[in-house]
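Data block below; observations after.
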Amino acid sequence: MGTSFSSPHATAEEGSAESSNLADSNTADNATRHSTRERTQTDFLSPTFTPQKRGGRTKAGGSPSTLVRRWDGNYEHLVQYKQAHGDCRVPPSYKTDGGVALGKWVENQKGFYKRNRLPLERYEKLEKLGVIFAKKSNSDDATAFPPVSSPKKAAPAEDDNATPKKAIAFSPVIEERWENFRKQLISYKDEVGHANVPSTYKDRFLAKWVENQRMFFHKKKLSQERIELLQEIGFEFGASKQDRWDFHLQELLQYKEKHEHCDVPQKYTANPSLGRWARKQRERRRSNKLPEDQYEKLKGVGFWEYGFWE
């Protein structure tokens, strides 16, 4: 029976070949990993890059489809809120009947926008719905929504009332918001007979808007078109103290028509500003600071018939 022996030289050669193959394998693996890393870094810059998933979730910690559905769901809650309340001014602590922290979500979107992390598509959807974002400085606007290529400087945020130096149209959202307030002012006039909303009016948003229109008018920042639209419904910009005094006198006549006397209570809840004005006229009369012409006008409507004025 023959026995086969391996040559010592042959065994050394085989070991050397095996070590060489192992080294080649390791080198190939390292090259593959290096190539993969370089390709991943390059792909990250591509517009079509999709984050790698770990067990169905992205490295950011959420399924892309789930995050998109969650955002769309919150957006629908905001649509329903606007339908119910007429605007998108959601209080920060507001929650839906289902427990969704809608107020916090809206605040987060504004925060993302401020930090240049809100995608342009979402920003446009929210602004079109009526969400009001804080204006940014020009330096912030330049990178508000950085595109993947061909960066362009974003247009500065538009002033709600300022008259631009050049003929630049207001955005549809701003125009719609301004027109909605004008319609509310028309409804106010239909109810009380004039368009001069007092600063103490129960709808503080309308009262503040009216105050802003007067301020922009006097600062010459209200466009001529808006001036004419307000004048059409009888809005007064308060040109002088005498104009305001005559306006209150007209309110006094309306009060007399309704109540058949001019004894306006100091705390007249239906029109607090008229009650304050009437009290002021009596005080000015007592201290001899009421001009004679105003005294005669008040006397002509019977204002001094109540009290000891003569």
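It should be emphasised that the depicted structure is a prediction, and the values quoted were computed from it without experimental measurement. The first residue in the sequence is number 1, and the count goes up from there.
One finds the CD atom of E232 at 9.0 Å from the CD1 atom of I186 (value rounded to the nearest 0.5 Å). In this structure, L253 CG and K258 NZ are separated by 15.0 Å, a value rounded to the nearest 0.5 Å. We find the CZ-CG distance between R115 and L118 to be 10.5 Å, quoted to the nearest 0.5 Å. To the nearest 0.5 angstrom, D97 atom CG is 10.0 Å from H77 atom NE2.
Formation of a donor-acceptor pair under 3.5 Å by the H85 side chain with backbone atoms of D87 is not found in this model. Between the K189 side chain and the I233 main chain, a donor and an acceptor come within less than 3.5 Å of each other. The main-chain N or O of N196 is found under 3.5 Å from a side-chain atom of H194 such that the two form a donor-acceptor pair. Without hydrogens or angle criteria, H218 side chain to F237 main chain gives a donor-acceptor distance under 3.5 Å. R177 places no side-chain N or O within donor-acceptor distance of the main-chain N or O of I132, the cut-off being under 3.5 Å. Looking only at distances, a side-chain donor or acceptor of W304 sits under 3.5 Å from a matching main-chain atom of Y295. With hydrogens and angles disregarded, no donor-acceptor distance shorter than 3.5 Å links the side chain of E260 to the backbone of K256.
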Do V90 and V131 pass the side-chain contact (heavy atoms from CB on, under 4.5 Å) test, and can you show the C-alpha distance, the side-chain angles, and the key distance before you say yes or no? CA-CA 9 Å; V90 187; V131 174; over 6 Å; no
Any chance you could lay out the side-chain contact (heavy atoms from CB on, under 4.5 Å) test for W277 and L252, step after step, and finish with the verdict? CA-CA 10 Å; W277 179 82; L252 181 63; 4.1 Å; yes
Verdict with supporting geometry, V197 and D203, side-chain contact (heavy atoms from CB on, under 4.5 Å): CA-CA 10 Å; V197 182; D203 185 345; over 6 Å; no
If you apply the rule side-chain contact (heavy atoms from CB on, under 4.5 Å), what do you find for K95 with V100, and how did you get there? CA-CA 5 Å; K95 292 186 178 181; V100 176; over 6 Å; no
Does the pair Q80 and E76 meet the rule for a side chain to side chain donor-acceptor pair (under 3.5 Å), with working shown? CA-CA 6 Å; Q80 295 170 11; E76 288 303 318; 5.3 Å; no
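Taken together through direct or relayed side-chain contacts under 4.5 Å among Ile, Leu, Val, Met, Phe, Trp and Tyr, M215 and L206 form part of one hydrophobic cluster.
Electrostatic pairing of E179 and R182 counts as a salt bridge here, judged by a charged N lying under 4.0 Å from a carboxylate O. We find that K128 and E124 are not joined by a salt bridge, their nearest charged nitrogen and carboxylate oxygen being 4.0 Å or further apart. K183 and D190 are not joined by a salt bridge, as no carboxylate oxygen comes within less than 4.0 angstrom of a charged side-chain nitrogen. Between E296 and K299, none of the side-chain N atoms (NZ, or NE/NH1/NH2) sits under 4.0 Å from a carboxylate O, so this pair counts as no salt bridge. Salt-bridge annotation for R276 and E283: absent, with no side-chain N of the basic residue lying under 4.0 Å from a carboxylate O of the acidic one.
Within the 4.5 Å cutoff, no side-chain heavy atoms of V192 are placed close to those of N271. Side-chain contact between L185 and W209 is present, with heavy atoms from C-beta onward closer than 4.5 Å. The side-chain heavy atoms of E225 and S223, taken from C-beta on, include a pair separated by under 4.5 Å. Inter-residue side-chain proximity for Q294 and R284 is flagged as met; some heavy-atom pair is nearer than 4.5 Å. Using a 4.5 Å heavy-atom cutoff, the side chains of V301 and K297 are not in contact. F235 is listed as a side-chain neighbour of R214, based on a closest heavy-atom distance under 4.5 Å.
Taking all atoms of both residues into account, the shortest heavy-atom contact from Y75 to K125 is OH-O, 3.6 Å. Nearest heavy-atom pair, C262 versus G302, reported as atom, atom and distance to 0.1 Å: CB-O, 4.1 Å. Among all heavy-atom pairs drawn from L274 and H248, the shortest one is CD1-O, 3.9 Å. Across Y255 and P265, no two heavy atoms sit closer than the pair OH-CD, 3.4 Å.
The side-chain tip of R89 does not point at the ring of Y81 from less than 6.0 angstrom away and within 45° of straight on.
Using modelled atom types, one finds no donor on one side chain facing an acceptor on the other under 3.5 Å when comparing Q250 with Q254. In summary, the side chains of R226 and Q213 do not present any donor paired with an acceptor at a separation below 3.5 Å, with no hydrogens or angles considered.
Taking the ring pair (Phe, Tyr, Trp, His ring centres under 6.0 Å) definition, one finds that F133 meets it with Y113, Y123, sequence neighbours left out.
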Can you give the donor-acceptor pairs under 3.5 Å from side chains of residues 102-111 to other protein atoms, not counting sequence neighbours?
residue, atom, partner, partner atom, Å
N108, ND2, K104, O, 3.4
Q109, OE1, W71, NE1, 2.9
Q109, NE2, W105, O, 3.3

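Note: F205 and F181 fail the aromatic proximity criterion, with ring centroids not under 6.0 Å apart.
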